[in-house]
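For the numbers below, each heavy atom of this structure counts, side chains included, while hydrogens, waters and symmetry mates do not. Naming: A, B, ... by sequence-line order, numbering from 1 per chain.
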2 protein chains.
Amino acid sequence: MRKGNATRERILDIAEAGVLAKGFGATSIDEIIAEAGITKSGFFYHFHDKNELARGLLARHRGRLGQLVDEIFGRAAELSDDPLQQLLIGLTLFAEHMAAMPGGHPGCLVATMSYQDQLFNREVRAMVSSIVEDWNGFFRTMIEKIVAAYPLREPVDPGRIARNITCAIDGGIIMSKSLGDPSVLPEQMLMARNYVKMLFQPAALHAVPREALAA
Amino acid sequence: MRKGNATRERILDIAEAGVLAKGFGATSIDEIIAEAGITKSGFFYHFHDKNELARGLLARHRGRLGQLVDEIFGRAAELSDDPLQQLLIGLTLFAEHMAAMPGGHPGCLVATMSYQDQLFNREVRAMVSSIVEDWNGFFRTMIEKIVAAYPLREPVDPGRIARNITCAIDGGIIMSKSLGDPSVLPEQMLMARNYVKMLFQPAALHAVPREALAA
DNA sequence: CCGAGAACTGCACCGGCGGTACGGTTTTCT
DNA sequence: AGAAAACCGTACCGCCGGTGCAGTTCTCGG
């Protein structure tokens with residue numbers, strides 16, 4: 001019973017490393033069980049198929065990442081009472097966290113699986129989209145608080161802004177991977193941050209009219 | 001000879017539909033040849049392995065999309081001489097084009113393959129990243145022209161802005177797919193547009209100080 | 001209209017993969 | 001001590017990407 005959970009976790013650890021390094025499809029069960037030192041029967045005792053493995057990975061990932069986000073934005077809330085500052089600080093800390101990862105961030109399970117959705121059944125797909133919706137909802141809540149406190153420079157729907165942050169993260173991950181340059185993700189997280197900042201910060205305080213520059 | 005090219009194109013057509021619908025890994029050669037009405041030997045006569053099929057798909061995709069982008073931004077250049085306006089108009093037209101596609105945009109081969117890179121060899125991966133770099137370069141050129149003509153509201157590197165546009169497109173595609181909502185892509189393309197607009201447009205002309213709103 | 005090369009067909013085969021089936025064994029907790 | 005959990009061993013299945021090679025049909029330039 002306790003040993004069962006330990007084995008399950010070990011399978012998930014090995015699988016997660018493989019999926020992040022090579023993708024879900026390229027991480028074979030044979031390879032997982034070889035590294036875990038178990039047999040195929042043992043694997044299928046814990047996960048009745050590969051979809052269940054995917055769900056297990058996603059569930060664990062959601063929990064861990066949720067905890068990280070809680071810590072980061074909790075810290076941001078300690079540093080400022082202002083909702084706009086909280087989001088800006090949180091995004092900066094988040095970007096720094098990603099930049100600080102040795103050898104670059106590991107890549108995101110959700111992003112990885114979004115693009116291999118054809119490998120999975122409905123349950124897994126539903127799980128992926130619900131996680132994406134969670135992210136959008138998280139940022140949306142923050143942005144709605146900001147909207148209540150700040151004038152918007154442009155008439156933009158809070159949901160769109162939230163999705164833009166999530167998109168910047170997903171797009172940053174995918175581009176980091178495509179270009180082999182881990183710095184793109186934190187860079188684009190900061191771009192999203194800057195976007196929010198510009199949308200809400202009283203622009204007149206910072207903008208310099210063209211004529212003034214020419215002079 | 002001519003017939004050979006026709007078959008090759010038919011294979012690519014069928015494969016492309018499959019890849020966009022189900023992903024590259026899930027599109028089997030058996031299934032392609034069944035639909036094309038040829039044998040396995042026939043397939044491998046045209047493509048010596050699946051990587052070459054991927055390269056064929058990417059090459060065709062790059063050509064077609066390049067043509068579309070040329071048309072769209074050519075039209076934008078007709079509509080305005082101003083580099084900023086050209087980019088803004090081009091992005092709007094691009095977003096409208098994506099929104100107008102029946103049943104939503106088909107998804108992007110490059111984005112799809114970026115996340116299945118473990119399935120491919122170095123050549124294909126190099127091709128994917130070179131296409132992404134093309135996109136970044138394209139937007140970067142446009143943005144550098146804008147930078148030469150407009151004051152920047154925030155000190156942001158043109159490369160970062162270019163990558164942000166590409167990220168918005170990739171992220172938009174991936175989120176559209178995850179959520180099953182094709183409207184996210186055009187929406188996020190317009191968000192990227194709005195970002196550029198805010199970065200360059202003389203802010204003081206539009207921004208309303210908070211006190212003025214309260215009054 | 002003929003010949004050469006392009007464009008295939010047909011068939012047999014390989015190893016890796018996800019997955020099934022099922023009986024037997026060890027480990028763990030109560 | 002006994003029941004349930006946690007495996008092991010083995011044999012098997014169909015799909016998949018891919019190979020090899022001999023034979024056939026089509027197409028087009030000369």
Side-chain angles (χ1 to χ4, degrees), chain A residues 1-19 21-58 112-113 115-125, chain B residues 1-19 21-58 112-113 115-125:
Chain A
M1 290 162 167
R2 222 171 269 145
K3 190 191 169 193
N5 266 328
T7 303
R8 206 187 121 97
E9 285 300 305
R10 216 165 74 253
I11 292 174
L12 286 173
D13 285 339
I14 296 166
E16 185 172 319
V19 170
K22 307 176 299 178
F24 193 82
T27 306
S28 73
I29 295 174
D30 282 347
E31 156 195 342
I32 293 171
I33 64 177
E35 199 176 331
I38 58 171
T39 63
K40 222 168 186 179
S41 313
F43 175 87
F44 284 107
Y45 173 80
H46 289 285
F47 304 94
H48 105 278
D49 62 11
K50 234 187 163 189
N51 279 288
E52 200 175 312
L53 175 66
R55 266 180 285 150
L57 286 173
L58 284 173
T112 303
M113 292 187 180
Y115 254 103
Q116 309 199 326
D117 59 351
Q118 72 287 139
L119 295 174
F120 308 118
N121 60 21
R122 289 182 205 91
E123 292 174 62
V124 179
R125 280 195 289 258
Chain B
M1 289 159 167
R2 224 170 267 145
K3 189 189 168 194
N5 266 328
T7 303
R8 207 188 120 96
E9 285 301 305
R10 215 164 77 250
I11 293 174
L12 287 172
D13 285 339
I14 295 166
E16 185 173 319
V19 170
K22 309 176 298 180
F24 193 81
T27 305
S28 74
I29 295 175
D30 283 347
E31 156 194 342
I32 294 171
I33 63 176
E35 199 175 331
I38 57 172
T39 63
K40 223 168 186 178
S41 312
F43 175 87
F44 284 107
Y45 173 80
H46 288 286
F47 304 96
H48 106 276
D49 62 11
K50 231 188 165 188
N51 279 287
E52 201 175 311
L53 175 65
R55 267 180 285 147
L57 286 173
L58 285 174
T112 304
M113 292 185 179
Y115 254 104
Q116 309 201 327
D117 59 352
Q118 72 286 138
L119 294 174
F120 307 118
N121 62 19
R122 288 182 207 90
E123 292 175 63
V124 178
R125 279 194 290 258

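The CD1 atom of B:Ile29 lies 10.5 Å from the CZ atom of B:Phe47; values are rounded to the nearest 0.5 Å. Rounding to the nearest 0.5 Å gives a distance of 12.0 Å between CG of A:Leu53 and NE2 of A:His46. Atom-to-atom distance recorded for A:Ile11:CD1 and A:Ile33:CD1 is 9.0 Å, nearest 0.5 angstrom.
Following rounding to the nearest Å, B:Asp49 (CG) and D:dC16 (C1') show an atom-to-atom distance of 14 Å. One can place CZ of B:Phe44 at 16 Å from P of D:dC21, the figure rounded to the nearest angstrom. Atom-to-atom, CD1 of A:Ile33 to C1' of C:dG16 comes out at 13 Å; the value is rounded to the nearest Å. Distance NE2 (A:His48) to P (D:dA6): 17 Å, rounded to an integer number of Å. The distance between atom CG of B:Asn5 and atom P of D:dC26, rounded to the nearest whole Å, is 19 Å. Rounding to whole angstrom units, CD1 of residue B:Ile11 and P of D:dG17 are separated by 14 Å. For the pair B:Ile32 CD1 and D:dG18 P, the computed distance is 11 Å after rounding to whole Å. Going from atom CG of A:Leu119 over to atom C1' of D:dC15 covers 14 Å, rounded to whole Å.
Comparing A:Ile29 and B:Phe43 against DNA chain C, the residue whose closest nucleotide sits nearer the 5' end is B:Phe43. Mapping B:Lys40 and A:Ser41 onto DNA chain D via the closest heavy atom, the residue that lands nearer the 5' end is A:Ser41.
Relative to the six-membered ring of B:Phe24, B:Lys50 meets both conditions, a distance below 6.0 Å and an angle of at most 45° to the axis.
Within the 3.5 Å criterion, the main-chain N or O of A:Val124 finds a donor-acceptor partner in the side chain of A:Asn121.
Comparing C:dC17, D:dC16, D:dG18 against the side chain of B:Asp30 picks out D:dC16 as the nearest.
Close to C:dC8, at under 4.0 Å from its OP1 or OP2, lies a side-chain N or O of B:Thr7. The shortest distance between the side-chain N/O atoms of A:His46 and the OP1/OP2 oxygens of D:dC7 is below 4.0 Å. The phosphate of C:dC8 has neither OP1 nor OP2 within less than 4.0 Å of any side-chain N or O from B:Tyr45.
Residue contacts shown for B:Ser28 are limited to sugar-phosphate atoms, with no base heavy atom under 4.0 Å away.
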